[in-house]
Amino acid sequence: MLNVALPKGRLGEKVYAMFAKAGFECPEALRESRKLIFENKEAGVRYFWVKPSDVSVYVERGAADIGVAGKDIIDEYEPDVYEILDLNTGKCRMAVAAKKGFRDNPDTTLRVATKFSNIAKSYYSSIGRDIDIIHLNGSIELAPVLGMSDVIVDIVETGTTLKENGLEVIESIMPISARVIVNKASFEFKKGDIMKVLGSLKTQVEEKLAKEMGEQK
Ligand code: PRP
């Protein structure tokens, strides 16, 4: 039985479709319900829907053999797992944003509100800037609006949340996309199933990329 941790939400549904195409179907998993675990014995697969930021915990601890997590989560928590494949979906970026017209004063400590404290710390340490981290769990955009922080480090996808709160990107830190992660022991003991999934996912990613390139021409 292959245990798969999927991030709840739109990204998870997209990713489920890719796993199903790889031969690990379990249509029940998409049914609207409060159930968190779905199994298809014939296909030899069990899916769990988990909070996106928790996928790496399930995979690291072996409750899931394989899972899909954003690069943001992987860099923030640095789980002890194999990061195997970029699914080239769930794309967004990690960025620094501030109120329109913000000017950094290098003589003061920069107050940074974020859910991604480790990413923010390592980014500012790489540019040698003194900061004070204000760790929040959501609605990060509020902090500079209320004057609680100077900037935020957060995910920007469409930019709508920033725009609607009078903020703008002042620096891009890194691009983000969904990655397949694998438990280290499972990679040895369930190699057959894992390679079957990975092979198909890789082909699907390559086909999608080729199609996108074709459309751009
Ligand atoms: C994320 C992120 C931004 C928003 C960016 O929040 O923290 O707030 O999405 O998306 P956009 O550029 O398309 O507007 P999420 O929805 O995960 O909720 P959160 O407030 O709990 O962080």
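Quick note: numbers below take in every heavy atom, side chains included, and nothing from hydrogens, waters or symmetry partners. One-based numbering, in listed order, for ligands and for the atoms of each. This chain uses plain numbering: 1 for the first residue, then up along the sequence.
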Check whether more than 12 heavy atoms from other residues, nucleotides or ligands sit under 6.0 Å from atom CZ of Arg129, and answer yes or no. yes
Quick note on ligand 1: atoms under 4.0 Å from a heavy atom of Gly138 include exactly 19 (P), 20 (O), 21 (O), 22 (O)
Report the nearest protein non-hydrogen atom to atom 17 (O) of ligand 1: residue, atom name, distance rounded to 0.1 Å. Lys115 NZ, 4.0 Å
Any nitrogen or oxygen of Asn137, side chain or backbone, less than 3.5 Å from one on ligand 1? no
Sidechain N-carboxylate O distance under 4.0 Å for Glu13, Arg10: no
Please list the nearest protein heavy atom to atom 4 (C) of ligand 1 with its residue and the distance rounded to 0.1 Å. Thr161 OG1, 3.7 Å
Under 3.5 Å, is there a donor-acceptor pair between the Ser200 and Gln204 side chains? yes
Does some side-chain heavy atom of Met174 sit less than 4.5 Å from a side-chain heavy atom of Ile119? yes
Can you tell whether the side chains of Lys115 and Glu76 come within less than 4.0 Å, N to carboxylate O? no
Kindly indicate, with the supporting measurements, whether the criterion salt bridge (charged side-chain N to carboxylate O under 4.0 Å, His left out) is fulfilled by Glu212 and Lys208. CA-CA 6 Å; Glu212 284 169 6; Lys208 191 169 158 246; 3.6 Å; yes
Show which atoms of ligand 1 fall inside a sub-4.0 Å distance from at least one heavy-atom site of Thr160. 12 (O), 14 (O)
Report yes or no: does Glu60 contribute a side-chain atom to a donor-acceptor pair with the main-chain N or O of Asp80 at less than 3.5 Å? yes
Could any protein non-hydrogen atom be found less than 4.0 Å from atom 13 (O) of ligand 1? yes
May I ask you to decide whether Arg111 forms a salt bridge with Asp132, counting only side-chain N to carboxylate O separations under 4.0 Å? no
For Asp154, counting its heavy atoms only, list the atoms of ligand 1 lying under 4.0 Å from any of them. 2 (C), 3 (C), 7 (O), 8 (O)
Note the single closest protein heavy atom to atom 11 (P) of ligand 1, along with its residue, its atom name and the distance in Å. Thr158 OG1, 3.3 Å
I need the atoms of ligand 1 closer than 4.0 Å to a non-hydrogen atom of Ser139, numbered in the order shown. 19 (P), 20 (O)
Are any non-hydrogen protein atoms located under 4.0 Å from atom 6 (O) of ligand 1? no
Of all the atoms in ligand 1, which lie at a distance below 4.0 Å from a heavy atom belonging to Gly159? 11 (P), 12 (O), 13 (O)
Check contact between Val156 and ligand 1, using heavy atoms of the residue and a distance below 4.0 angstrom. yes
Quick check on contacts: which atoms of ligand 1 are under 4.0 angstrom from a heavy atom of Glu141? 3 (C), 8 (O)
Return yes when atom NZ of Lys21 has more than 12 non-hydrogen atoms of other residues, nucleotides or ligands closer than 6.0 Å, and no otherwise. no
Give me the residue, atom name and distance of the protein heavy atom closest to atom 1 (C) of ligand 1. Ile155 O, 4.6 Å
Heavy atom of protein inside 4.0 Å of atom 9 (O) of ligand 1, strictly below: no
Between Phe48 and Tyr58, how do the two ring planes meet: parallel, tilted or perpendicular, split at 30° and 60°? tilted
